[in-house]
Amino acid sequence: MMAKAETRALGFAEASAGFLGAKPAGKPNSSGKKRRMVGADTPLRVLARSRAAGQPYLSGHLVTAADRLQRDFALAQLEASPQAGWSGIMSGLRNTPNSGGSRNDRMIDARQRFIAAMDALGPELGEMALAVCCHEKGMERIEAELHMPARSGKFMLRVALKYLHRHYDELGGTDHDLIY
C-alpha cells in the first residue's frame with residue numbers, strides 16, 4: 001500500500017508498461033490473438049507439469065520425444081509458416097532437392113529425421129504434434145483450427161507423442177543427445 005501511494009505521489013499512477021513493451025500474457029496483440037510473453041512456458045511444458053491423480057499428464061519420455069521433434073524441426077531450419085500445417089511443410093520438404101554441398105549435413109540429417117517422424121505420425125497426428133511441439137500453439141487454438149471438440153486436444157497430443165516415442169525407440173541411436 002505504501003508503494004502504491006508513493007507511486008501515485010510521484011505521478012506514476014497509470015498502468016505500468018511491460019518490459020521492452022511486452023504485453024502481459026493473456027492480452028490480445030494488435031491482430032486480436034493472445035500471445036505468450038518471452039520466457040513463458042510452452043503449452044507442452046504446461047501439460048507436462050499439470051497433475052492428474054498425482055502423475056504428470058505427459059510423462060518424461062513423451063516430453064523427450066516432443067523435444068527431439070522440435071530440435072529436428074529447428075535444426076532443419078524449416079521455413080514454412082504455422083498456417084501451412086502438416087501438408088504444407090511435408091510437400092515443401094519432399095519437393096526440395098538436396099543440392100549437394102550447399103546445405104549443411106546436419107540440416108539435411110535433421111530434415112530426414114523430421115520427415116521420418118512425421119511419416120510415422122501420419123497427417124492427423126502429425127498436424128497436432130507439429131502445432132504443439134514445433135509452432136508452440138496452445139490447445140484451445142489448435143482445437144479451434146482443427147475443428148476438434150473442446151478439451152480433446154490434450155488426449156490427441158498424448159496419442160501423437162506415444163506414436164512419436166515408439167518411432168524414436170525403433171530408431172534407437174544417440175544422435176539426439178549431441179550438441180549442434
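Sequential numbering from 1 along the given sequence is applied to the chain's residues. Computed from a predicted model, the values in this text were never measured in an experiment.
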Practice problem: Report yes if the side chains of Met139 and Arg151 come closer than 4.5 Å at any heavy-atom pair, otherwise no. | Solution: no

Practice problem: Could you tell me which non-hydrogen atom of Ala65 sits nearest to which non-hydrogen atom of Tyr168, and how far apart they are? | Solution: O-CE1, 3.5 Å

Quiz item: Which atoms form the tightest heavy-atom contact between Glu143 and Lys154, and what is the distance?
Solution: OE2-N, 4.3 Å

Quiz item: Are Leu171 and Leu164 connected in the hydrophobic side-chain network, where two residues link if heavy atoms are under 4.5 Å apart?
Solution: yes

Self-check item: Rounded distance [0.5 Å steps], CG in Leu62 versus CG in Leu47
Solution: 11.0 Å

Quiz item: Who passes salt bridge (Lys or Arg N to Asp or Glu O under 4.0 Å) against Arg45, sequence neighbours left out?
Solution: Asp67

Practice problem: Tell me, with the steps shown, if Met156 and Glu124 meet side-chain contact (heavy atoms from CB on, under 4.5 Å). | Solution: CA-CA 9 Å; Met156 291 302 297; Glu124 296 83 9; 5.8 Å; no

Practice problem: Check for a donor-acceptor pair, side chain of Thr64 on one end and backbone N or O of Gly60 on the other, with a separation under 3.5 Å. | Solution: yes

Quiz prompt | Approximate separation, where rounding is to 0.5 Å, of Leu58 CG and Leu157 CG | solution = 5.5 Å

Quiz prompt | Cluster overlap Met128 with Phe155, hydrophobic side-chain contacts below 4.5 Å | solution = yes

Quiz item: Shortest non-hydrogen contact from Leu69 to Ala129?
Solution: CD2-CB, 3.9 Å

Quiz item: Are the side chain of Glu136 and the backbone of Thr42 linked by a donor-acceptor contact shorter than 3.5 Å?
Solution: no

Self-check item: Whether His61 and His165 hold their rings parallel, tilted or perpendicular, with breakpoints at 30° and 60°
Solution: tilted

Quiz item: In Å and rounded to the nearest 0.5 Å, what is the CZ to CE distance from Phe73 to Met118?
Solution: 9.0 Å

Quiz prompt | Residues which pass ring pair (Phe, Tyr, Trp, His ring centres under 6.0 Å) with His167, listed by chain and number, not counting sequence neighbours | solution = none

Self-check item: Check: Arg49 and Tyr57 side chains under 4.5 Å, non-hydrogen atoms
Solution: no

Exercise. List the steps, then state whether salt bridge (charged side-chain N to carboxylate O under 4.0 Å, His left out) holds for Glu145 with Arg141.
Key: CA-CA 6 Å; Glu145 288 176 359; Arg141 184 172 167 195; 3.2 Å; yes

Self-check item: Spacing of Leu121 atom CG and Tyr163 atom OH [to the nearest 0.5 Å]
Solution: 9.5 Å

Quiz item: Between SG of Cys133 and CZ of Arg68, what distance do you get to the nearest 0.5 Å?
Solution: 13.5 Å

Practice problem: Show your working on side-chain contact (heavy atoms from CB on, under 4.5 Å) between Arg106 and Leu75 and close with a plain yes or no. | Solution: CA-CA 7 Å; Arg106 290 186 180 136; Leu75 287 172; 5.9 Å; no

Practice problem: Taking the six-membered ring of Phe114 (Phe, Tyr or Trp), confirm whether the NZ or CZ of Arg111 is under 6.0 Å from its centre and within 45° of its axis. | Solution: no

Quiz item: Atom NZ of Lys137 and atom CG of Leu146: how far apart are they, to the nearest 0.5 Å?
Solution: 7.5 Å

